[in-house]
Every structure is written in structure tokens, then in C-alpha cells.
Amino acid sequence: MERKAQVVDADYETEGGEVTVRAFCKTEEGKDLLVKDENFKPYFYAVPERDVEALREKVEEERPFREEGGGEELQILEVEEKELIDGNEEVQVLKVSTSVPANVPKLKNRLWDLEETEECREFDIPFYRRYMVDKGLRPNKWYSFSGDSFKARGIDEGLKVESIEEREQGSFEWDMLAFDLEVYEDEVIMASLYGKEYEKLLTTAEIEEEYVETVDSEKELIQRFVEIIEERNTDVLTGYNTDEYDFTVLRERSNEYGIELSLGRDGERMKFNRRGRFKGARLKGRMHLDLYPFIQHVLAPGIDSETLDLDSIAEEMLGRNKDEMSWEEMKKSWENREGLAEFARYALKDSELTFELAEEIVPQITELSRITGLIPFDTCRLTYGQLTENFLIREAHLRDMLVENRPSQDSRRKRQRQGAYSGGFVYTPDEGLYEDIVTLDFRSLYPTVMVAHNLSPDTLNIEECEEEFEIEKFDYSFCQDGQGFFPELIENLVQDRYEIKSEMREEEKDSAEYKALDNEQQAKKILANSFYGYLGYNGARWYSREAAEATTYMGREYIEETIEMAEEDGYEIVYGDTDSVFLKKDNIKQDIDGFLEKVNSELPKFMELEFEGFFKRGFFTSKDSGEGAKKKYALIDEEGKMKITGFEQVRRDWSPIAKRTQKEVLRKVLENKVDRAFEVAKDNVEALKDGEVPIEELKIYTTLTKPPEEYDSTSPHVEAAKKAKKRGKEIPEESTITYVITSAGGSISDQAEILEYAESYDADYYIENQVIPAVLRVLKVFGYTEGQLKGKGRQSGLGRFQ
DNA sequence: CTTGACCGGGG
DNA sequence: GTGTACGGTCAAG
């Protein structure tokens, strides 16, 4: 039979010393298809010390190889000579195939021990990824699979694949469901699910709401949850931090009841895949896509918010927020069975926001899956560097290049010990308020620099080279004769992006086609921008400190050159960081295009300086030394939208009163109302002094990582937790302590009480240690002092800007 | 200045 | 299981 389908998930199974690759697919008609391949065998390469023939003979002679201690035979199915490219030269290698993936690392050790072997390569590529790479299979693309059918348990159809052919893109809509748990005293009390035209809240409480389904027990709640996913046959299950939290809780609770989380497409139970510090909850055949790791690893650099909690991310990406409900309120509601409808709405809202975020993010994940070829499960959990690396592995395979080995822990440490090389150039601003600023930035500075100068691990220090690019400062060179691996990939990605962008102009802005193109363009941008960081990442297979260092060096050259040109043309340089400059001049709006043209005419092909934005005002502060502070500024555009960088107003160890006051002060300053800014600060200080500030505004969060008694050092949150414990309050391990500095006690730690026991607050503490430092960071620039903020009554400032 | 512990998200 | 890998901040040394 023949089926047109796309791959959703992949793994392999071994039985009786034979391996079968499984690709879980979705057909055009929306049916589940399990594709099995029994003919693909695990392999790796052995690079000979001198002669490939000699190595081959030695291998034949030494056969059979056994596990360490003389256990099972490590079967060699085939030994094949191959010619591959290693760096910039061609090498003869042996391709050694074996029966099961688990043999590969063992067999590679045996062969590497031979004198005739220089090294082994490509022995640590997970088998299902190896399969996808070698077969050219990528998720989110259509293929025609042909072969005999078989009956697959729990899945619509099974196919033993004989041939695979690429097919034209089709479109398909996944059934997506977002979920979220509410947990109270280690028990699941609510589970919310949100999908297209679907909202459901499972809970053990009686709540009169349409979407609520009351169950008898926690056990039943979990069983219903599993049932719903099975019934809907959900393709994409999503959530926020579901790997580390929700599924961890679900696993513990279902173990408690002896029930199985049979959430796989074929009924297989949920399994945690450990990957270093993280674990991923894997539901075979379905895409369980936890948004948090993807945001953390991939999207974070492009996110303004300093915290990555659901509320901030939803605010930034959707312009929506979670319902206002504190942990205290939820507990109270549950304990007293009061206002449960509100609690239920809150719980559902979490799933709803997650779902809406997923509608934006999941297409980005599946798009990246298509380019890197990784299954979505991996794409959404791997770090930036690992995504890049999997793309590189695929591209290397297409070019018959040998993949570099992963560095050992030892060489990673060595790379790290080498220390950092210089990064981007940052122009030290003068503190103050500036009007009418234009910001310019280099489009993809590092990628374009790498292309412009052919910076790549495989162009570094080539002996036989006609044209070299040398940087005086460094004792290495990059060969310009042929295009390097990295520049070629970047150029392709940038070129593709350019074409996609022009295609986008032909489409309606909110059409599905436009969205799809936008995601593709976005994914290519993410990848193109990742190469520079990858080269300097100590865990990289294609690590090249030289190429990374040369990239930032040339980046600095270009930005400094731009600044020089701007000065020559009479611009005032306000600020600049890595790839951007902030300029000021009379009639800047008219003149800036001419300046851009001039700079761009002198740049190498592919590099481009672009207009980024026009800002009505910009504010820059200074360090304690009085020198202008780098990376700490606020801008306001003509619509009154603020862009705040580097200020502490979003950090959780600052109280709401300090953060809010700082933000209001910044806004007033940017509106050119410095007097009002001072008054705002002063009003808040006064309110604190008069005891008018609600305790809620004074809470500070710090996370407790072990039981409070185990801490050697004293700190406010630990002391607050200890005292609360003495009062009989349960303080779970690893909980976030919300505390307030009260007016009772000697030291700050003595004064700390958790929020619910705080009946007073230490006005001086909040004035001196929270509000004043936060606002003074802004107001000192205008000559205001701590004394004026604390002084009685109202007096106008004597700032130099008035 | 270097080293080591802690932390993120979730309730 | 072709295991297993972060990166930044801050207090202490």
C-alpha cells in the first residue's frame, strides 16, 4: 500500500537482537499511521591511522568483538569503505554496521583501541535521528510511504516501509489541547483543558459552571484526564512547564494509585526522557510540547520580559494576562469552599492562555523541526546550540562530510578555561534625557560578518591557500578560496529568507499562507543567528574559538566605523551596543536615509545597516562612579510606548512598590515631566511613611531550596520560614517564600515574616532599601538626592534640567 | 578576582 | 541507552 503522511514522532524498538525504527505519522485524511522500518541498521565510522585497507584487515582478523569482560558478541553486519570529507580534506574511512543501536558505543570502543584506528566518528547520534537524517525525513513535510500493511495495535494503520518519496506540501490542522493542573497539599485538585471550542475543568469540588466536570476523587480525575486525551486523540498536548511540574505531579499521583498514564498513541505509558538537567514527558506518537523549555532555550533572547513566567510571556506575546489570584487566595478558596467559581475560572484561564500562546509558538516549533529535521518533541526541548548542531549534522550528511565528535568533558573544561574573548562594542552614554533619537542597527550583524569574511572552522589556517583573510591582531587566517561550511549555510538561509519575505508581500496579512511563510522566515532567522554563538559554545562539535573571536572582532570594527562616520556627518552619538547606534541631530528624520545609504554603499555584500526606530525621548543613567551606565536605558516612542532595558523593575526580589514606583518615575521622566517624577517618588515614600501602603505591595519573593533549618547562613526568607514553621504553618520544601519586612525585631532577618503573618511593615526598610535605590537610579541624574526624597513635606527639586 | 551554591518555570 | 547537556547571579572565600 501507499500512504501520504507526515512524521509526528519517531523512536525504535529492539526485539530478539533486531532493531525496528518506528515513525508515527499522520496521513492526509487525518488517520494515524505507524511506519516501521526493519532494514535500517546502526553504524559508525572508523578513521584509519594510515591505511584503510590495513584497518579493514585488522578488523576482519580481530572478529568477533565482544563486550568488555568477554560477554555478548557485538555483531558486525557490514564493513564498507567510504570516502568522506573531513574539515577541508578527503579521507578514506570504514563504515561499520551492527545489529542494535546499543552495540554502537561498545563496538566503537573496541575498534578505537586498535592501533590501526586513529579515531571513530558518528557513534553518538541517537538512532531515530540517524534514521531521519539518512532517509532525508523531516517532520512537517509530506512523504509517500510504500510497503506492506500490518495491523498496528491501537493505531489506525501500520505500514512496513520499503520506499519513501517526498511529496508536495499539503496542509493539515492538528488537534491541540492545552492543560494545566492545580495542586493543593500535593494533591491534584483541578485539571483544566482548553482546545478549539473546548473547555473543561475536572475537579473534585462541586462548582456550578458549564465547563466544570465534578469527579469523585483525585484518582478519577487523573483517569478522566487520560480518557479525554485518548477520546479526542489529541495530536498536540501542550502546557507550561509541564515536563518539570504537571507531569511530574501526575506521575507521582498515579503511582500512588497504581494507575497508568497510558497517554501514548498506542496506549504506551508516559515516560520521562532524561536529558541532563531536564526531563521531558514523552507520549509516544503524540506531540507533547512544553512551551517553557522552548521559550527558555530559543525565544528568550528576543523577549523583553526578564522573567519567563506564563503571565509575563502572555502579556508580551498576546497582550493578555492571567486572572489576578494569589496563591493565598486560592488556598483560602479551596479550604473554605468559597468563591470556587472564580478559582475555576482562574484555572481554566491558565490553559486558555497557554493554548493561545501555543497557537503562536507550536507552528514555530514544527517549522524548526522541518528545517533541523528533529522531531517536535526534541525541537521544543533542545537548547539553541543543540538545535543548530542537529541542523549542521543534517547539512554535513548531505555534503558527505564527516560529523565532528562531541568534545569530552575535559576538552570542554579546557575550552572554558581559555576564558572569554571580547564581545560586542558598547558605547558609554552620558547620563541624561535625550530628545528625538534615531536607532539604527546592522541586520544580522554576526551572520553577515561571517559570510563577508568567510569565517568558518573549515576555512581556518588552510596551508595551501591563495587568498587569505588575516586580522593583524590574531595569528591565524581564513582562506577565501572556496566558501566555508558555515558561510554557505548562512548565505543559503539568508537568501531563502529574502525570498520568503518577498513571497509574503504577495499574501494577505492574516492569511494562513502568510502565517506559514512568516514562521518559515522566523525559523530560518533563528538558525542563521545561532551559528556565531554555536562556534563559541564549549560543547560544540564544530567549535572554533578563532572563528567566533574573529566574528566579534569584525563586528566591533563595523560598528566603530559607523560611529566614526556618523560623527563626521555631524551626528551626536547617544549610545551604541554591539550592532546598534543611537543617534541625534537636528532634522534627523530627513537626513538619516542619506546617512544609511552612505554607510551601506561601503559595506561588503550581504551586510546592511538598517533604520530601527524613532524615539521621542531616551533616558540614560549612570553607575555609582558617575560614568554612564551601559545596557540600562529607557525609550519612549511617539505613541507613548516605553521600552525599558536593564532596570531592576521586573525582578522578583524587589517589592511591587519599588518596581511600580520605578516604572512610574521612568514614564514621567520620558514624558519630560521630571518634577512629576520626583513627586511620584515622593508620594510613594510618604505613603510608606504614613503606613498607607497595602501589605501586598511589600511582598518579596525568594525561593527556599531546602528545609529552613538546614541553612547555615541567615537570610530574611529563611528566618521568615522558620518563624512561620514554629507557628505551626506548613512550609513545603522548595517553596517560594513570600515575605514582608515588619517593624518588629532587631535585624532585617528578625523582622522578616511571611506574608500571611505580616501585620506591620518597616517603612524605613522599604524606603531606604527598596523604593529609594530603585527611583534614585533615575532621579539622581536630575540632581535629586536621597535627602530630598526622604525630606518632610514637598519641595521642588533643584535638578539641572529645570 | 575566583570559586561554589543557587536558581529558573510550576502550585 | 549511538545516555546525561545550561547560563547567569550573588555571596563567600
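So that the names make sense, note that chain A is the first sequence line, chain B the second, and so on, each numbered from 1. Bear in mind the structure is a predicted one, so any value in this text is a computation, not a measurement. All heavy atoms count here, side chains included; hydrogens, waters and symmetry mates do not.
As judged by a 4.0 angstrom heavy-atom cut-off over every strand, A:Tyr43 is placed among the base-contacting residues. Backbone-only contact: A:Arg406 has heavy atoms under 4.0 Å from sugar-phosphate atoms and none from a base. The residue A:Ile125 sits close to a base: some heavy atom pair falls under 4.0 Å. Heavy atoms of A:Lys322 sit under 4.0 angstrom from primed sugar atoms or phosphate atoms, though from no base atom.
In this structure, the CG atom of A:Leu357 is 14 Å from the C1' atom of B:dG9, given to the nearest Å. In this structure, CD of A:Glu389 is placed 15 Å from C1' of C:dT4, rounded to the nearest angstrom. One atom, CD of A:Glu244, and another, P of B:dG11, lie 14 Å apart when rounded to the nearest Å. The interatomic distance linking A:Ile189 (CD1) with B:dG11 (P) rounds to 11 Å, in whole Å. As rounded to whole Å, 13 Å separates atom C1' of C:dC6 from atom CG of A:Leu382. Going from atom CZ of A:Arg275 over to atom C1' of C:dT4 covers 10 Å, rounded to whole Å.
Side-chain to base pairing of A:Arg277 with B:dG8: one donor and one acceptor N or O lie within less than 3.5 Å of each other.
Under the rule for a side-chain contact (heavy atoms from CB on, under 4.5 Å), the partners of A:Pro656 that lie at least two apart in sequence or sit in another chain are A:Glu697, A:Lys699.
Residues A:Gln296 and A:Tyr245 each lie close to DNA chain B; by heavy-atom proximity, the contact nearer the 5' end of the strand is made by A:Gln296.
Counting heavy atoms of neighbouring residues, nucleotides and ligands inside a 6.0 Å radius, atom CD of A:Glu324 does not exceed 12 of them.
Near-neighbour residues of DNA chain B inside residues 341-355 of chain A, defined by a heavy atom below 4.0 Å, number-ordered: A:Asp350.
With A:Glu244 contributing its side chain and A:Phe278 its backbone, the two residues share no donor-acceptor pair below 3.5 Å.
Each of B:dG9, C:dT4, C:dA5 was ranked by its minimum atom distance to the side chain of A:Asp309; first place goes to B:dG9. Checked against B:dG11, C:dG3, B:dG10, the side chain of A:Glu182 finds its nearest nucleotide in B:dG11.
In this structure, A:Arg282 fails the cation-pi test against A:Phe24, since its NZ or CZ atom is not both closer than 6.0 Å to the six-membered ring centre and inside 45 degrees of the ring normal.
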